[in-house]
Amino acid sequence: MKKFISSLLRSLCSHLTNNGNDKSAHGIALVLLGDLGFLLKSVWLYFPPIIFLLISYVAFWKLAQGQDILLSVFEKRLTFVQFIITHTLWVFMTWFTSRLLSYGKKMNAPNYLPDSFFQHIPRIIGFTCYTLIILAFIRISSASITPPPFAYTVAILMSFPYYALLNYLALKIKAPTIVQLTLSLAAIFILLVSFGLWSFNFRNIIVVLILLQTYYVFFVVGRRKLIEKRSLEPAAQRKGMIMKFMEKMAGFFFIPNSEGIVFIVFNIVSVVFLSFYIACFMNLEVALLIRSCSFIFLAFAFLVGFSNIISFFSVKYRISFHVILLALAFFTGRIEPYRVLLIDKKDPSIQFEQRQNIREYFRNWVNQRKDILNDTSVKNYPVFFVMANGGASRSGYWVASVLSTLEDSSKGIFSNHLFCLSGASGGSLGNATFFTLLRYKNELARSRVSSLEASKEYLRSDFLTFTLANMLGPDYFRHLYPVAFLKSNRANALIKSIEAAPADSVFLKTKLADGFSQFIAKHNDKNYNLPVLFINATRMQDGRPSVISNIKITDSIFNNRIDLLSLLDSSEDMKLSTAVEIGASFPYISPGNRIDQRNLQGVSEANYFVDGGYFDNSGAGVVHEMIMQIQELLKDSTDALIYPFRKKIQCYVVHILNDAITNTDFNSVSPIQNDLAAPLITLAGSYGVQTSTNDLRLKKYLKLTYDNSPTHYIPVNLYRPNDKLIFPMNWVISQKILDSMDKRLEENERIKELLHFINSNTR
């Protein structure tokens with residue numbers, strides 16, 4: 001059976017390529033059905049572009065974040081044009097630099113692979129760059145239709161005979177001139193892009209990509225014909241230092257003289273786009289203009305090109321430069337690039353040690369409301385504690401939208417009863433957004449913009465592209481050239497994006513760049529009217545929970561949590577945007593952030609802080625500890641201010657979630673996974689369990705405190721049970737997903753119930 005299938009496919013390839021009379025027939029058949037040893041050698045030789053194909057597959061097929069980034073291509077026509085250009089650049093960079101590898105290997109080891117492999121494997125890899133993205137778009141456009149799991153795998157496999165068919169058709173066409181080849185490329189590209197812009201929808205954009213993929217084969221085959229034709233002609237004498245230098249460079253890469261002009265054009269185009277690549281990680285405005293999807297393919301183009309050039313040197317000099325560079329990175333990459341960028345305090349007299357502790361803050365909070373509390377008609381005075389689960393911009397947008405809706409619909413009553421905002425990762429971004437709106441409440445009122453409008457405008461911003469640009473730019477090369485990129489990294493890029501990525505018209509632009517010293521609850525300040533803000537983090541070295549807060553974190557109350565602001569020197573300040581980034585440092589998008597602290601001996605000790613979600617993704621732990629302390633204060637009969645209101649003051653936890661509500665399937669694991677990966681699997685599972693355990697512990701405590709009443713814990717989830725919609729967790733969200741979230745906000749029954757409770761039980 002196996003021999004029959006092999007014979008049948010060989011016959012098919014031969015038929016598609018000039019009925020078996022052309023050497024290309026046997027070449028393609030050998031590549032598609034070739035010897036396993038040759039295939040493995042091909043994978044080893046061309047592993048850089050193959051790795052980027054795998055990354056593309058995972059990013060745009062398996063990850064909801066990648067699929068949502070592809071959706072953003074349809075938001076603006078300019079974004080579509082940029083995507084087509086950068087994706088085409090990735091395809092041609094992959095093919096051409098892989099072809100350089102073929103030249104190098106063929107020159108030094110001509111018997112390493114058959115000629116057909118050297119010729120067709122680079123073409124097929126470039127061809128597959130189209131296939132993966134075309135099928136990714138088809139998967140997104142047919143989200144309501146669920147084909148069998150193997151359907152897309154079959155589609156990928158069938159693309160190879162399709163390549164053979166296109167190759168056969170291209171061989172039938174007469175060899176072009178260099179002018180014809182160049183003009184046809186420009187004309188076809190402009191024509192297809194214009195068609196996509198004219199009829200801007202999923203179907204036609206997929207058609208554009210398919211036609212570009214088709215033309216790609218005709219182009220590379222036509223180029224080969226042109227080279228073979230020019231090799232028979234006398235070599236032209238070129239003048240000019242630049243031309244001679246470029247031809248020498250072509251000779252260095254073993255490129256035939258007849259192909260020198262292609263090499264020159266390729267390098268000119270590469271330099272032009274390289275300037276955009278560099279500009280994206282050096283300038284936030286340029287990154288925002290390019291957008292995430294376009295930048296990803298722009299970065300893929302240059303990173304695969306760089307990797308292939310390193311492979312070429314390895315082939316030419318018979319030395320593994322990849323291994324050498326990796327070893328070099330371990331030795332040269334010791335300069336610390338991820339120190340938290342702190343600022344100087346505007347008022348050096350303000351010290352973080354002078355923050356109010358929870359007792360002082362609570363007494364002042366009650367004292368500001370004693371007139372209402374003394375009213376005998378008031379039987380219950382709700383005190384709201386907000387917990388916000390992490391989830392990047394998805395969480396930030398949902399949290400800020402829920403809180404702003406409660407604030408606007410209650411005409412400011414909600415914030416009068418709001419005591420605390422606690423969260424991690426994107427939840428901290430949402431809390432920080434609402435906290436800042438409360439700080440600038442008077443200015444917001446004068447602007448005649450609602451809290452909901454202000455928060456939505458801000459959190460619609462693209463916080464991802466500039467961060468990605470630094471991740472796939474300086475951070476990719478950082479450990480080889482650490483001195484060149486001391487301040488330019490993905491952590492600082494995210495901070496800058498949080499501050500300045502929104503448009504100039506957005507109310508909150510740059511307002512999260514204020515230092516904590518400007519809004520802490522200072523000791524003896526009885527008029528402080530902002531809620532407690534808890535931004536949760538985790539110390540990387542020992543997993544110890546840590547908090548950045550506007551009040552003082554006391555060890556005896558908050559179970560030995562680290563108070564990050566207490567680690568800073570007396571003159572140093574931390575921006576709110578920096579605090580959010582520290583609490584949202586979930587690898588690999590953000591690294592661990594280093595803050596040094598001098599111990600009692602005066603020696604500087606390094607502390608690295610990462611996402612609070614590693615330990616507690618909702619911030620339930622610190623809220624639980626604070627409510628327990630408040631209950632103790634309410635029971636203190638010696639406190640004449642608080643004790644009389646012990647029955648009126650009741651704590652309500654509003655838990656804002658953005659997690660899918662599903663049942664976990666417990667499938668078996670293979671014995672080798674059990675032996676090798678059991679610790680990793682267990683740690684990954686414990687990440688979510690730790691948070692849910694903290695949530696359940698708090699929920700149980702509230703029930704015991706309030707006579708088993710279930711109403712004191714109020715979950716508000718973006719997801720519904722067994723929800724079919726997927727809301728990707730990312731630092732940028734497509735308009736389609738934002739619209740779906742807005743609809744959920746309007747339809748959420750729990751928010752309506754909570755608003756009814758607020759309007760009925762508060763003043």
Side-chain angles (χ1 to χ4, degrees), residues 52-88 90-91 127-159 192-193 195-213 290-300 391-394 397 460 462 464-465 468 658 660 718-719 723-744:
F52 279 92
L53 282 179
L54 294 175
I55 292 173
S56 177
Y57 167 76
V58 172
F60 299 114
W61 285 46
K62 298 298 182 181
L63 299 180
Q65 293 93 327
Q67 295 170 12
D68 191 51
I69 286 175
L70 283 183
L71 274 177
S72 66
V73 170
F74 299 93
E75 292 180 3
K76 296 180 180 179
R77 283 174 164 78
L78 176 61
T79 306
F80 162 71
V81 174
Q82 292 170 342
F83 158 72
I84 292 294
I85 292 173
T86 55
H87 182 267
T88 303
W90 175 45
V91 171
F127 188 82
T128 307
C129 291
Y130 278 113
T131 302
L132 287 178
I133 301 305
I134 290 169
L135 292 177
F137 274 116
I138 292 174
R139 285 165 60 90
I140 296 171
S141 63
S142 60
S144 57
I145 304 172
T146 307
F150 62 84
Y152 292 105
T153 303
V154 171
I156 291 177
L157 295 176
M158 290 304 296
S159 71
L192 291 178
V193 170
F195 171 73
L197 292 174
W198 171 69
S199 186
F200 197 56
N201 56 52
F202 260 115
R203 183 191 62 191
N204 288 344
I205 288 179
I206 292 170
V207 169
V208 168
L209 287 172
I210 292 173
L211 293 176
L212 281 173
Q213 182 185 40
I290 298 296
R291 302 294 298 271
S292 297
C293 191
S294 303
F295 177 79
I296 287 173
F297 292 112
L298 182 63
F300 278 10
S393 286
R394 175 186 73 185
Y397 190 86
R460 286 191 184 107
D462 179 0
L464 179 65
T465 305
L468 266 183
N658 60 100
L718 170 65
Y719 278 91
D723 210 331
K724 293 184 179 180
L725 275 177
I726 296 177
F727 299 92
M729 180 178 67
N730 209 348
W731 286 117
V732 66
I733 310 174
S734 70
Q735 189 58 50
K736 180 179 179 181
I737 297 299
L738 290 174
D739 292 341
S740 298
M741 295 177 74
D742 290 342
K743 188 175 181 181
R744 288 290 170 92

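Keep in mind the model is a prediction, meaning the values are calculated, not measured.
Here the straight-line distance linking atom OG1 of Thr131 with atom CG of Leu157 works out to 11.0 Å at 0.5 Å rounding. Tyr719 OH to Leu725 CG: the interatomic distance, rounded to the nearest 0.5 Å, is 8.0 Å. In this structure, the separation between CD1 on Ile69 and CD1 on Ile733 is 11.5 Å, given to the nearest 0.5 Å. The CG atom of Leu132 sits 11.0 Å away from the CZ atom of Phe127 when rounded to the nearest 0.5 Å. We find the OG-CG distance between Ser393 and Asp462 to be 8.5 Å, quoted to the nearest 0.5 Å. For the atom pair CD1 (Ile737) and OG (Ser72), the distance works out to 11.0 Å, reported to the nearest 0.5 Å.
If you run side-chain contact (heavy atoms from CB on, under 4.5 Å) between Val732 and each of Thr465, Leu464, Leu468, only Leu464 comes through.
Residues forming a side-chain contact (heavy atoms from CB on, under 4.5 Å) with Met729 (at least two apart in sequence, or on another chain): Gln65, Ala392, Arg394. For Ser734, the side chain to side chain donor-acceptor pair (under 3.5 Å) criterion is met by Asp68, not counting sequence neighbours. For Gln67, the side-chain contact (heavy atoms from CB on, under 4.5 Å) criterion is met by Arg139, Ile140, not counting sequence neighbours. For Asp742, the side chain to side chain donor-acceptor pair (under 3.5 Å) criterion is met by Tyr397, Lys456, not counting sequence neighbours. Residues satisfying the ring-ring contact (aromatic ring centres under 6.0 Å, His included) test with Trp90, not counting sequence neighbours, are His87, Phe297, Phe300. With sequence neighbours excluded, the residues forming a ring-ring contact (aromatic ring centres under 6.0 Å, His included) with Tyr57 are Trp61, listed by chain and number. Partners of Arg460 according to the side chain to side chain donor-acceptor pair (under 3.5 Å) rule, which considers only residues two or more places apart in sequence or in another chain, do not exist here. Residues that satisfy the side chain to side chain donor-acceptor pair (under 3.5 Å) test with Thr79, not counting sequence neighbours, are absent from this structure. Under the side-chain contact (heavy atoms from CB on, under 4.5 Å) criterion, Arg77 pairs with Leu197, Phe200, not counting sequence neighbours. Not counting sequence neighbours, the partners of Ser294 by the side-chain contact (heavy atoms from CB on, under 4.5 Å) test are Gln82, Phe83, Thr86, Ile290.
For CG of Leu54, the number of neighbouring non-hydrogen atoms (other residues, nucleotides, ligands) closer than 6.0 Å is greater than 12.
Side-chain N or O atoms of Gln735 include none that pairs as donor or acceptor with a backbone N or O of Glu75 at under 3.5 Å.
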Any chance you could lay out the side-chain contact (heavy atoms from CB on, under 4.5 Å) test for Ile84 and Thr88, step after step, and finish with the verdict? CA-CA 6 Å; Ile84 292 294; Thr88 303; 4.1 Å; yes
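Closest approach of Leu192 and Val208 over heavy atoms only: O-CG2, 3.4 Å. Contact record, Ile133 with Phe60: CD1-CD1, 3.8 Å, taken as the closest heavy-atom pair. In this structure, Ile206 and Ile134 approach most closely via the heavy-atom pair CG2-CG2, 4.1 Å.
With contacts defined as side-chain heavy-atom distances shorter than 4.5 Å, the pair Phe727/Arg744 qualifies.
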